[in-house]
Every structure is written in C-alpha cells, then in structure tokens.
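In what follows, chains are A, B, ... by sequence order, proteins preceding strands, each numbered from 1.
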There are 2 protein chains.
Amino acid sequence: MEKEKTDKKDHILDVAERVFAELGYDGASTRMISGEAGVNMAMLNYYFGSKEGVFLAIFDRRITTFQTVLLSIGNDETMNSWEKLDKYLDSYIDKVVTNNCFHIMLNREISKSKKNELTDQITDIMMKNVKIFQDIIAEGIKKGDFNKDADQQLLVATIFGTKNYIVNTPHISSKVIGYDVLDADNQDKLLKPRFKTYMKKLLKAYLQN
Amino acid sequence: MEKEKTDKKDHILDVAERVFAELGYDGASTRMISGEAGVNMAMLNYYFGSKEGVFLAIFDRRITTFQTVLLSIGNDETMNSWEKLDKYLDSYIDKVVTNNCFHIMLNREISKSKKNELTDQITDIMMKNVKIFQDIIAEGIKKGDFNKDADQQLLVATIFGTKNYIVNTPHISSKVIGYDVLDADNQDKLLKPRFKTYMKKLLKAYLQN
DNA sequence: TTAAATTAATCAATCGTTTGATTAATTTTG
DNA sequence: CAAAATTAATCAAACGATTGATTAATTTAA
C-alpha cells in the first residue's frame, strides 16, 4: 500500500480526461468514468464533489505547469522576435499534440455558444495562451521585425485554429494528412516536425517585410 | 394556418439547429427543442423518427445546396488557380460565417475521438469540402501557379482551422478580434471582408513562388 | 367520413447524486 | 504498548429527476 490517495485521484482524472474527450462532457456518464477507472461511482463525488468538479479538477492539474513555459519564452530578453516565435511554436506544438485529450475536451466545451460558468473559466484559461502569443507578435511589429500591416488578431485564429483542426478533429485530419494523427509514433516522428516546419514557414511568409 | 407542414418541419429544424449548437447533441434535450419550437414533443418523433433523426435532418437540409456552389468554382475552366482560390474563399467564408450554428454543431460532434455512425457521416460530408479545396491547390501547383514546395495538406488545416476558430469558439474569438463575432451586423460589415482579405493575403504569401 | 396531425399521459432506461453501512487506517487515551 | 476512539476510504443500493420514446385519445383538415 505504497501509493497514496493522490495517485488514485490522478488515475481517475486520467480516465475521466480520456472519456470526456471521447464522448463530450454530457455524453460521458459518471458511471462510465468510474467503471473504466475501476473505482466505485461514489468516489467521484467523494473526491471531487460532483461531475463538474471532476471536469474542473482536470483543468487545475493541467494549466498550472502549462503556461509557465510559454511565458518564460515571451519574457526572454536574449531572443529576437523571430527566435521567440520559433521557440513558442516548438513548445506549444509539442505540448498540445501530446496532451490532446485535454485540449479536445477544452475546445468542445468552449464551442457552446450559450455562456455559463464553465465557458467563462475556459475562456480565461485559453486567453492566457493567446495573450503570450499576441505579445510576441506585437513586439515584433513594434520593433520592425514583422510586417506592420499584418493582422495579428486573425493570425491568432490561424495558429490556434490550425492546431485545433489537426488535434481536435482527428478523423478528418488523419484523412487529410495521410496517417493516423492519434498514433503516438506518428505524432513524434512525422506530425510534430512537419507541423513545426509548416507553421514557421507560413508565419514567415506572412510576417516578413 | 397558411403554412404547410414543411414550414413547421423547417421551423423545428431551425430551432433544433440553434439548440444543438448552444448545448451540444447530448446536452440538448428533445423537450427543450420541442418547447422552444412551440410544438408537442411527440412531433419530433412523428416527423423525424428520433432525436438522431432530427440531427440528420438538419444535415440533409444544409449539405444539398452547400457544395454545389463550391464545386462549380472548382470546375470552372475560365479561371486560373489564383482566381479560383479567391472565389472559393469568398463563397466559403460567406457561407460558414452566416450559417454558423450548423458548422458549430458539425464540428463538436466530429471532435469526439470515439468513432460512431454519426462521425462517419460527418467525416464524409466535410471531406467533400476539403476535396474541392485540395483540387484547386493541387491544380495550381501542377500548373506552376503555386509554390510546389507548399504543404497542401496542412494548408487545408489552416484554412478550415482558422475558420473554425473564429466561428466555433465565439467567446474566444470575440475577445481576440475585438467585437462580437456572433452579431449579424458585425459579421457582414466587419468580419467577412476582413477575414477574406486576411485569408487571401496569407495564402498568397505562402503559395507564391 | 377518413386520414393526417396533434395532444396529454405514460413508459422503461439512465442520469448525477446521496445514503447508510462497512472496512481500513490513524490518532488518542489509559 | 494496547485498547478505544476517531477519521478516511470504499461499497452496494437507492434516490428523485430527466432522458428519448411510445401510446392512445383527440382534433383538424380534406
């Protein structure tokens, strides 16, 4: 009995994250999550209070470490704008392609047009990532590194939108790209490097003077 | 009582489309749809057989007319590749920004990683739009109009992904862009022209030799 | 009058949650 | 230390509410 309760809670969140991504928040039942996690149904409420509590707990676990890396890039004084952009893309793409369950879950819930407490929270989380990217672009334009006529707001839509398309609609993107984007091996050996190269090239073409 | 049953069916589908977009397929109940449509709950089953029948009926209504326009552009012999690309973007952006409920619905369901009958159908529908776009790009590369080193597959992810980001996550994109993207007036006067200009410029920068 | 349209009532199934009881682990007490 | 008291973890069972669907009765329209 070495493992503490934190491990069990983490295990539940692992499973819940996957099931939520597979079936959506409403489509995933507490019975299914507890069943696949191999724990009693009541444990979900015991640990996390409610179904929504489980959902929010998945958040807390992810977001804490996620943004510090990106932030450190944005604040690094030793890099110029192009280098920051490169680093940002490298880190971001590595992160989101691997932890795709979480981001699929995130995007599906935020795509509900009716606002609620959950969508507000998700909005806040996502906007932080956006803000870091926007600052890099804005700084680059200000310094004259990037084309000043660039639409930096729609550029946000392009970088995050392209990522979402590949990661969040794997049935589609696998057909488009030519291999299974959900396969871990394909992700590391094929998708990530290709995606990075493409994205840098695209942004360079658009942003350069 | 001038209106025929087709109008009533259409009215139900209008409401259902909105509610599905607001709350997701699982989150939207038949009672809510029938309630907001002002009809008895049993009418949904009477007309469409089941909840899934309603969902599929929304499809049938949209997809029939949607792709013929785009196809006619792709097959037009009088335009060169750049012109086709322009026309395609114009038509596509006009369409998807206005009928956003349908596309939000579509994307949320296809983002479920677990396959089912519905995701297969949606995949087929979406791949048709992709195919038309890919053909235009492929033809342009073949003719030498576009840069032959372009990653035409990831370019698909960019155009459709950028669109999805703006249309499907309005809470985010409204904050990023600076005005409410769900407002019809903003869509016509601000968003559409700006989006078209941006997209053409982006593709031009990336695709030109 | 007859078929189609519409209704209220009802169905079994499933939802998220709560309960009371039981076991395991920990702390307190004598 | 050992017994008692307390806390934490886990369970099966059941809760009321809601789900999608169906029935049978009624109204409308041709």
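Residues A/Arg108 and A/Met105 fail the side-chain proximity criterion, which asks for heavy atoms closer than 4.5 Å.
Between the P atom of D/dT27 and the OH atom of B/Tyr46 lies a distance of 17 Å, rounded to the nearest Å. One interatomic measurement links the two molecules: OH of B/Tyr25 to P of D/dT19, which rounds to 14 Å at whole-angstrom precision. Straight-line distance from the CD atom of B/Glu52 to the C1' atom of D/dA21: 14 Å, rounded to whole Å. One interatomic measurement links the two molecules: CG of B/Leu56 to P of D/dG20, which rounds to 15 Å at whole-angstrom precision.
By the 30° and 60° cut-offs, the orientation of the rings of B/Tyr198 relative to A/Tyr206 is perpendicular.
Under 4.0 Å is where a charged nitrogen must lie from a carboxylate oxygen, and between B/Lys196 and B/Asp86 no such pair does. Using a cutoff of 4.0 Å between basic side-chain nitrogens and carboxylate oxygens, B/Asp135 and B/Lys131 are scored as salt-bridged.
Taking the six-membered ring wherever Trp is involved, the centroid distance between the rings of A/Phe102 and A/Phe20 does not fall below 6.0 Å.
Look at B/Tyr47 and you'll find a side-chain N or O under 4.0 angstrom from OP1 or OP2 of C/dT6.
Counting only N and O atoms by type, the side chains of A/Lys115 and A/Thr123 include no donor and acceptor under 3.5 Å apart.
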I'd like to compare against my own output: the B/S/- annotation of nucleotides 7-15 of chain C with a strict under-4.0 Å heavy-atom distance to protein. BB------B

